[in-house]
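This report concerns only the one structure given below.
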Number of protein chains: 2
Amino acid sequence: MELPEAKQKFIEAWGKLGSEWGINRTMAQVHALLLVTPGELTTEEIMESLSISRGNANMTLRDLMGWGLVEKLHKAGERKEYFFADKNTWNIARQVAKERRKRELEPVMKILDELVKVKGDSKDPEYATFNKSVTDINKMAKNVDKTLDTMLKAEENWFWGSIFKMFK
Amino acid sequence: MELPEAKQKFIEAWGKLGSEWGINRTMAQVHALLLVTPGELTTEEIMESLSISRGNANMTLRDLMGWGLVEKLHKAGERKEYFFADKNTWNIARQVAKERRKRELEPVMKILDELVKVKGDSKDPEYATFNKSVTDINKMAKNVDKTLDTMLKAEENWFWGSIFKMFK
DNA sequence: ATAAACTTTCAATAAGTTTTGAAAGTTTAA
DNA sequence: TTAAACTTTCAAAACTTATTGAAAGTTTAT
């Protein structure tokens, strides 16, 4: 397989995975493009390379910056803005984990905390079932949250090293 | 908060979380409904309870069974089919992890394995950048895969216990 | 065999999401 | 200032996904 075809495949695969995980396909593709590009790209080049409109490119880049996955660069004496992605895979994973925790896990945990407090007659199967499910899910959410917290602070080698020592 | 309202909130929250993670909202809601229901429900009751059509209920229940999260039950002397969810949170998490690994992680890993093999001139920044990103992501995918594998085989207490001992 | 009780299918439609592109806005150099 | 070079916005259109509901299919009891 030649390099340009391989890049194309990578961009497609990343886009598909993104869309299966609730991330807009184009956003994942722009990210993938920047990951396999040495240096920076202009909006123009991204539009061209992925055949997307100016508006789409602009919004997608904005979102990617909002996720902390892409940064802008101004070159001295140039009008254009250049974009590049942090290419450290562990940083990417942490950044995504951090954002999703904030945007999705935290709101759900807040609701679960409320629901765990709901009082009722524990002889009533309706109540007992509700309470058990909510309590169990709440515990799991807290475990996930703690683990993410550790991950966010961890160095990659230490993290996986610890995991595999444990699960040997 | 009263029980019916609390159930409603739980169903909504679960539906929202599902849709953010690439799982159809209705599917997550039906699952949530079954999680807070003692015993079983008929298609009719699910339709009624969530205000969805017969066709939608049927397909959603089929999907949930495909994910291994819900089972059918035939009661002796009755024509109707009854549905219930496994309420063990750890089983649910494992089941979801198992299916997503099969449906999403595995196909991507197959492509990454191909892309890692692509040859080129390592002096060429285009190639070097591509190769590094793909190789790094491939390694991370393999780490995730191994961890999931451990999780699938693990007992809940042991799993979290090990994780927290490590990350103390 | 028949019919009642139930389940499944799927074409049509609705709802939701993404993308476009032209117009408005901004910045910079001269 | 002005105008060129660039970025941002957003209403409309395209596309994607989810839902409906009626018709077809299946099962069971008689």
Side-chain angles (χ1 to χ4, degrees), chain A residues 11-12 14-34 40-67 69-84 100 103-104, chain B residues 11-12 14-34 40-67 69-84 100 103-104:
Chain A
I11 290 168
E12 272 167 33
W14 213 233
K16 183 154 175 276
L17 189 66
S19 69
E20 286 163 341
W21 282 86
I23 285 157
N24 166 333
R25 209 184 83 254
T26 304
M27 190 169 146
Q29 288 184 338
V30 170
H31 187 224
L33 173 63
L34 291 171
E40 312 80 31
L41 292 177
T42 62
T43 304
E44 211 76 33
E45 288 167 325
I46 291 165
M47 288 164 59
E48 158 80 8
S49 181
L50 300 175
S51 308
I52 62 174
S53 72
R54 184 171 301 282
N56 195 5
N58 183 271
M59 286 193 153
T60 296
L61 285 165
R62 182 124 58 95
D63 282 353
L64 281 168
M65 289 189 289
W67 278 77
L69 295 172
V70 164
E71 287 176 61
K72 241 187 217 182
L73 177 76
H74 283 276
K75 293 195 179 179
E78 286 215 52
R79 227 38 156 331
K80 271 184 291 227
E81 295 182 322
Y82 288 82
F83 297 91
F84 67 98
R100 297 202 83 145
R103 297 173 193 213
E104 294 148 22
Chain B
I11 290 167
E12 270 167 36
W14 214 232
K16 182 154 175 278
L17 189 65
S19 70
E20 286 163 341
W21 283 87
I23 284 155
N24 168 330
R25 207 185 83 255
T26 304
M27 189 169 146
Q29 288 185 338
V30 170
H31 187 225
L33 173 63
L34 290 171
E40 311 80 30
L41 293 176
T42 62
T43 303
E44 212 76 31
E45 289 168 323
I46 292 166
M47 288 164 58
E48 158 80 7
S49 180
L50 300 175
S51 308
I52 61 174
S53 72
R54 186 171 298 285
N56 195 6
N58 184 271
M59 286 193 154
T60 296
L61 286 165
R62 180 123 59 93
D63 283 353
L64 281 168
M65 288 189 289
W67 278 77
L69 296 172
V70 163
E71 287 178 61
K72 240 187 218 181
L73 176 76
H74 284 275
K75 292 194 179 178
E78 286 215 52
R79 222 50 153 323
K80 271 184 292 225
E81 295 181 321
Y82 288 81
F83 298 91
F84 66 98
R100 298 202 83 145
R103 296 174 194 213
E104 294 147 21

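Note that the structure is predicted; figures quoted are calculated from it, not measured. Lettering of chains follows the sequences in order, A, B, ..., and the numbering in each one begins at 1.
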message: Taking the nucleotide of DNA chain C with the nearest heavy atom to each, does B/Glu78 or A/Asn24 sit closer to the 5' end?
response: B/Glu78

field: C/dT8 OP1/OP2 closer than 4.0 Å to side-chain N/O of B/Lys72
entry: yes

Find every protein N or O atom lying less than 3.5 Å from an N or O atom of nucleotides 10-14 of chain C, and list the pairs.
none

- prompt: Should A/Asn58 be listed as having a side-chain N or O under 4.0 Å from OP1 or OP2 of D/dT7?
  reply: no

- prompt: Hey, is the side chain of B/Thr26 poking within less than 4.0 Å of OP1 or OP2 on D/dT19, counting only N and O atoms?
  reply: yes

- line: In short, B/Gly66 meets B/Arg103 closest at the heavy-atom pair O-NH2, 3.8 Å

Rounded distance (Å) that lies between atom P of C/dT8 and atom CD1 of B/Ile46: 12 Å

- prompt: How far apart are the closest heavy atoms of B/Thr43 and B/Phe83, and which atoms are they?
  reply: OG1-CE1, 3.4 Å

task: Would you mind reporting whether B/Ile46 and B/Thr60 have side-chain heavy atoms less than 4.5 Å apart?
output: no

- line: In 5'-to-3' order, the base (B), backbone-only (S) or no-contact (-) status of each nucleotide in nucleotides 23-30 of chain C, using a 4.0 angstrom heavy-atom cut-off, is ----BB--

- prompt: Can you pull the salt bridge (Lys or Arg N to Asp or Glu O under 4.0 Å) pairs that have at least one residue in residues 44-53 of chain A, sequence neighbours excluded?
  reply: A/Glu44-A/Arg54

task: Using atom CZ of A/Arg25 as one end and atom C1' of C/dT20 as the other, report the distance to the nearest whole Å.
output: 14 Å

field: B/Ile52 CD1 to C/dT8 P, straight-line distance once rounded to whole Å
entry: 14 Å

- prompt: Using a cut-off of 4.0 Å on non-hydrogen atoms, how would the nucleic acid contact of A/Ser51 be classed: base, sugar-phosphate, or nothing?
  reply: sugar-phosphate

- prompt: What's the CD-P distance between B/Glu45 and C/dC6, to the nearest Å?
  reply: 12 Å

statement: Considering only heavy side-chain atoms of A/Ser53, the closest of C/dG21, D/dT19, C/dT8 is C/dG21

task: Grab the CG-C1' distance between B/Leu61 and C/dT7 for me, whole Å please.
output: 11 Å

Determine all donor-acceptor pairs shorter than 3.5 Å in which one atom belongs to a side chain in residues 17-33 of chain B; sequence neighbours excluded.
unit_1	atom_1	unit_2	atom_2	d
B/Ser19	OG	B/Lys16	O	2.9
B/Trp21	NE1	A/Glu104	OE1	3.1
B/Asn24	OD1	B/Thr26	N	2.8
B/Asn24	OD1	B/Met27	N	3.3

query: Between CD1 of B/Ile11 and CG of B/Leu50, what distance do you get to the nearest 0.5 Å?
result: 5.5 Å

- line: Minimal heavy-atom distance between A/Phe84 and A/Leu73, with the atoms involved, is CE2-CB, 4.1 Å

message: Measure CE/B/Met47 against P/C/dC6 and give the value in whole Å, please.
response: 13 Å

- request: Taking salt bridge (Lys or Arg N to Asp or Glu O under 4.0 Å) as the test, write out the residues that go with A/Glu81, two or more places apart.
  value: A/Lys72

- prompt: How would you list, by chain and number, every residue that makes a salt bridge (Lys or Arg N to Asp or Glu O under 4.0 Å) with A/Lys75, sequence neighbours excluded?
  reply: A/Glu40

- prompt: A/Glu44 has an atom CD; how far is it from atom P of C/dG21, in whole Å?
  reply: 14 Å

message: Rounding to an integer number of Å, can you tell me how far B/Ile23 CD1 sits from C/dG16 P?
response: 19 Å

